[in-house]
Novice: 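Questions regarding the structure given below will be posed in turn.
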Amino acid sequence: MLFRRNGSSMMQDFHWLRMFVFSLYTTTSLITAFFPLYFSGIGFSNVQIGFIYSIGPLISIFSNLIWGIASDKFRTIKKIVLILLVGQLFMVLLLTQSTSFAVICILMFVFNFFYSPINPLADTWAIMTMQKRGKNFMSVRIYGSFGFAIASLVLGFILKQTGAHITLWVCLLLSGCSLLIALFATDQQGTTAKKMELGGLLKILKQREIVWFFLLLLLVAVSHRFNDAFISPVLRGMGADETIIGWALSASSLSEIPVFFLLSKYGSKFKELPLLSIASLMYAVRFLLMSVVTDPAWVVVIQLMHSVTFGIYFFTAVRYVTNIIPDEYRATGLAFFTIIWSSLAGLISGSVGGSLLDISKGTLYMVAASLALIGSIGFMARYLIAKDQ
């Protein structure tokens with residue numbers, strides 16, 4: 001009977017957590033794809049939108065670190081996530097009251113303080129929960145891909161019918177659903193009795209292997225963020241409407257799901273650095289193609305390469321980080337990963353991406369392809385050097 005109760009409780013944990021991740025990524029879809037269109041609709045230029053997407057990551061560099069350390073220090077994920085969701089809701093409510101560029105810059109700056117740490121904390125939550133079940137955390141993370149894909153299509157259709165002016169109100173609804181679901185999920189407090197110490201964390205982060213990984217990660221992350229931040233304006237410039245934009249994002253998100261399944265089953269048979277090199281090379285090919293296409297339909301097709309770029313890259317990079325970072329620093333380690341992958345890369349891509357796009361779409365994507373190619377060479381070189389030592 002005890003086993004049955006424990007088994008039933010663990011299944012409930014799994015169900016609530018995957019519902020939370022699904023809900024969380026519907027909001028991510030809205031913010032990624034349709035916030036730029038909302039800002040464009042109220043009269044902001046590409047450079048202004050790029051500036052908004054650069055100041056947000058600036059504060060998220062610190063917020064990811066602060067909330068990741070807080071989670072490890074107080075050994076709670078759920079309570080931190082609830083605080084972040086409440087803060088996110090409040091900031092979106094304030095955003096609905098302004099169309100001033102200066103005010104929105106300030107509000108988006110604070111919004112990212114609450115928004116950016118949620119995804120890495122959700123990944124940590126999934127990792128800890130599924131470790132107790134002896135399963136791979138991707139069995140939870142794929143529900144984020146489903147949520148992102150479905151929301152991209154549904155929201156694209158809705159916003160085409162109603163107009164982009166309701167974007168922030170939809171964000172309030174989706175964030176509220178995430179908050180409600182999170183209340184029912186079971187907290188995770190780590191798998192080790194060791195306490196998190198900042199001195200030990202700094203010692204780990206100074207290791208040569210980790211420094212090289214984060215530097216190469218940044219190069220590829222910037223190229224990835226160029227596409228993330230400007231795919232909607234690029235498609236709009238080609239004459240695409242919200243429905244086509246939704247299809248493009250849905251295609252990319254759905255394409256990563258079979259790759260996550262395959263890597264969950266067979267990924268452990270392959271070394272991380274060669275996989276990262278291959279994924280980076282595919283990024284270079286993907287963005288090279290994006291630099292030359294002019295038809296929105298071809299953009300949707302190219303977005304399917306998300307499977308062999310982000311699908312491989314994200315799974316492998318998270319596995320690499322969780323292998324080299326001790327359990328007591330898990331949330332903080334993934335926070336550093338997010339600082340590089342999202343925050344610092346977003347800051348760089350947002351700062352220069354708008355100006356590159358104003359030159360031409362080809363310029364933006366050629367720079368992205370070049371950075372990804374350098375990253376690919378770097379990962380393979382690092383692997384070969386380590387192999388010979």
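Being a predicted model, the structure only gives us computed values, none of them experimental.
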Novice: Does I210 form a side-chain contact (heavy atoms from CB on, under 4.5 Å) with F214? I'd like the steps, not just the answer.
Specialist: CA-CA 6 Å; I210 295 177; F214 281 141; 3.4 Å; yes

Novice: Given side chains that start at C-beta, do those of L82 and V86 come closer than 4.5 Å, heavy atoms only?
Specialist: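 They are not in side-chain contact.
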
Novice: Below 4.5 Å, heavy atoms only, C-beta onward: do L289 and M305 meet side chain to side chain?
Specialist: yes

Novice: Are the side chains of Y383 and S277 in touch, meaning some heavy atoms are under 4.5 Å apart?
Specialist: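 Side chain of Y383 against side chain of S277, heavy atoms only: no contact under 4.5 Å found.
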
Novice: Rounded at 0.5 Å granularity, tell me how far CG in L218 sits from CZ in F213.
Specialist: 11.5 Å

Novice: Quick one: pull up CG in D358 and CG in L364 and give me the separation to the nearest 0.5 Å.
Specialist: 10.5 Å

Novice: According to a hydrophobic-cluster definition based on side-chain heavy atoms being under 4.5 Å apart (Ile, Leu, Val, Met, Phe, Trp, Tyr only), do L344 and I374 belong together?
Specialist: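 Yes, because L344 and I374 connect within a single hydrophobic cluster, where side-chain heavy atoms sit under 4.5 Å apart.
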
Novice: Ignoring hydrogens and geometry, is there a side-chain-to-backbone donor-acceptor pair from S370 to M366 under 3.5 Å?
Specialist: yes

Novice: Do you see a donor-acceptor pair shorter than 3.5 Å between the side chains of S360 and T363?
Specialist: yes

Novice: When hydrophobic residues are tied together by side-chain contacts of less than 4.5 Å, even through go-betweens, does L84 share a cluster with F74?
Specialist: no

Novice: Between S145 and S253, do the side chains contain an N or O donor and an N or O acceptor separated by less than 3.5 Å?
Specialist: no

Novice: Hey, any chance I77 and L183 share a hydrophobic cluster, counting ILVMFWY side chains that come within less than 4.5 Å of each other, even indirectly?
Specialist: yes

Novice: Walk me through whether F22 and I150 qualify under side-chain contact (heavy atoms from CB on, under 4.5 Å).
Specialist: CA-CA 10 Å; F22 180 94; I150 293 171; 4.0 Å; yes

Novice: Mind checking the CD-OG1 spacing from Q97 to T99? Nearest 0.5 Å is all I need.
Specialist: 10.5 Å

Novice: Indicate the atoms forming the closest heavy-atom contact of L168 with V92, along with that distance.
Specialist: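 Closest heavy-atom pair between L168 and V92: O-CG1, 3.4 Å.
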
Novice: What pairs of residues pass the salt bridge (charged side-chain N to carboxylate O under 4.0 Å, His left out) test when at least one of them lies in residues 244-260, not counting sequence neighbours?
Specialist: R141-E256

Novice: Hey, could you give me the CG/CZ distance between L179 and F20, rounded to the nearest 0.5 Å?
Specialist: 9.0 Å

Novice: If you round to the nearest 0.5 Å, how far is OG of S250 from CG of L155?
Specialist: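 Reported value, rounded in 0.5 Å steps: 11.0 Å.
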
Novice: Applying side-chain contact (heavy atoms from CB on, under 4.5 Å) to V367 and F287, what does each step give before you reach the verdict?
Specialist: CA-CA 9 Å; V367 171; F287 295 145; over 6 Å; no

Novice: Looking only at heavy atoms, what is the nearest atom pair of R286 and Q303, with distance?
Specialist: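 Smallest interatomic distance, heavy atoms only, reads NH2-OE1, 2.9 Å.
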
Novice: Name all residues meeting the side chain to side chain donor-acceptor pair (under 3.5 Å) criterion together with T243; count only those two or more places apart in sequence or in a different chain, and write none if there are none.
Specialist: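 Counting only residues at least two positions away or on another chain, T243 forms no side chain to side chain donor-acceptor pair (under 3.5 Å).
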
Novice: Run the side chain to side chain donor-acceptor pair (under 3.5 Å) test against S349 and tell me which residues pass, sequence neighbours left out.
Specialist: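 Scan of S349 (side chain to side chain donor-acceptor pair (under 3.5 Å), adjacent residues dropped) gives none.
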
Novice: What residues form a ring-ring contact (aromatic ring centres under 6.0 Å, His included) with F184, not counting sequence neighbours?
Specialist: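 ring-ring contact (aromatic ring centres under 6.0 Å, His included) check on F184 returns W16.
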
Novice: Show the atom names and distances, to 0.1 Å, of all donor-acceptor pairs under 3.5 Å that link a side chain in residues 35-44 to residues at least two apart or in another chain.
Specialist:
none

Novice: Got a sec, which residues hit ring-ring contact (aromatic ring centres under 6.0 Å, His included) with F314, two or more places apart in sequence or on another chain?
Specialist: F310

Novice: Show which side-chain atoms of residues 220-229 pair as donor or acceptor with protein atoms under 3.5 Å away, not counting sequence neighbours.
Specialist:
residue : atom : partner : partner atom : Å
S223    : OG   : V220    : O            : 2.6
H224    : ND1  : Y283    : OH           : 2.7
H224    : NE2  : D228    : OD2          : 3.3
R225    : NE   : W341    : O            : 3.0
R225    : NH1  : D228    : OD2          : 2.9
R225    : NH2  : S342    : OG           : 3.1
N227    : OD1  : Y365    : OH           : 2.7

Novice: Donor-acceptor pair, T28 side chain versus L24 backbone, under 3.5 Å?
Specialist: yes

Novice: How close do P117 and W67 get, heavy atom to heavy atom, and via which atoms?
Specialist: CG-CD1, 3.5 Å

Novice: Looking only at heavy atoms, what is the nearest atom pair of L288 and A369, with distance?
Specialist: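 The pair with the smallest heavy-atom distance is N-CB, 3.9 Å.
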
Novice: Excluding sequence neighbours, so at least two apart, what forms side chain to side chain donor-acceptor pair (under 3.5 Å) with S178?
Specialist: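 Per chain and number, S178 pairs via side chain to side chain donor-acceptor pair (under 3.5 Å) with S23.
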
Novice: Sequence neighbours excluded, which residues qualify as side chain to side chain donor-acceptor pair (under 3.5 Å) partners of Y313?
Specialist: none

Novice: Tell me, with the steps shown, if V299 and M290 meet side-chain contact (heavy atoms from CB on, under 4.5 Å).
Specialist: CA-CA 7 Å; V299 174; M290 281 292 296; 4.0 Å; yes

Novice: Is the backbone N or O of K78 less than 3.5 Å from a side-chain atom of D187, with the two atoms forming a donor-acceptor pair by type?
Specialist: yes

Novice: Under a 4.5 Å cut-off applied to non-hydrogen side-chain atoms, are L153 and F157 in contact?
Specialist: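 No, too far: nothing below the 4.5 Å cut-off.
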
Novice: Grab the two heavy atoms, one from P274 and one from M380, that are nearest each other, plus how far apart they are.
Specialist: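 Nearest pair, atom of P274 first, then M380: CA-CE, 4.2 Å.
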
Novice: So, do V318 and I127 sit near enough that their side-chain heavy atoms are less than 4.5 Å apart?
Specialist: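 They are in side-chain contact.
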
Novice: Under a 4.5 Å side-chain heavy-atom rule over Ile, Leu, Val, Met, Phe, Trp and Tyr, are W247 and L249 clustered together?
Specialist: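 They do not share one cluster, since no chain of ILVMFWY contacts under 4.5 Å joins W247 to L249.
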
Novice: I need the minimum non-hydrogen distance between S307 and V259, along with the two atoms involved.
Specialist: O-CG2, 3.3 Å

Novice: Enumerate the residue pairs fulfilling side chain to side chain donor-acceptor pair (under 3.5 Å) with a member in residues 155-175, sequence neighbours excluded, ordered by first and then second residue.
Specialist: Q88-S175, K160-D241

Novice: Go through the structure and list residues passing ring-ring contact (aromatic ring centres under 6.0 Å, His included) with F260, not counting sequence neighbours.
Specialist: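 So F260 forms no ring-ring contact (aromatic ring centres under 6.0 Å, His included) with any residue.
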
Novice: Counting only pairs under 3.5 Å, give me each side-chain donor-acceptor contact of residues 101-113, with atom names and distances, residues two or more places apart or in other chains.
Specialist:
residue : atom : partner : partner atom : Å
N112    : ND2  : M108    : O            : 2.8

Novice: Starting at CD1 of I59, measure out to CD1 of I66 and round the result to the nearest 0.5 Å.
Specialist: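 Separation between the atoms: 7.0 Å.
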
Novice: Looking at side-chain heavy atoms only, is the closest gap between T32 and F148 below 4.5 Å?
Specialist: yes

Novice: Return yes if some donor-acceptor pair links the side-chain N/O of T96 with the main-chain N/O of L93 below 3.5 Å, else return no.
Specialist: yes

Novice: Using only atom types and a distance under 3.5 Å, with no angle test, would you say the side chain of T124 pairs donor to acceptor with the backbone of P120?
Specialist: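 Looks like yes, one N/O pair under 3.5 Å.
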
Novice: Report yes if some heavy atom in the side chain of M238 is under 4.5 Å from a heavy atom in the side chain of V234; otherwise report no.
Specialist: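 They are in side-chain contact.
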
Novice: Honestly curious: do L254 and I244 fall in one hydrophobic cluster under the side-chain, below-4.5 Å linking rule?
Specialist: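 No, no single cluster joins them.
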
Novice: Would a 4.5 Å heavy-atom cut-off, applied to side chains only, mark L121 and S71 as touching?
Specialist: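 In short, these two side chains touch, coming nearer than 4.5 Å.
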
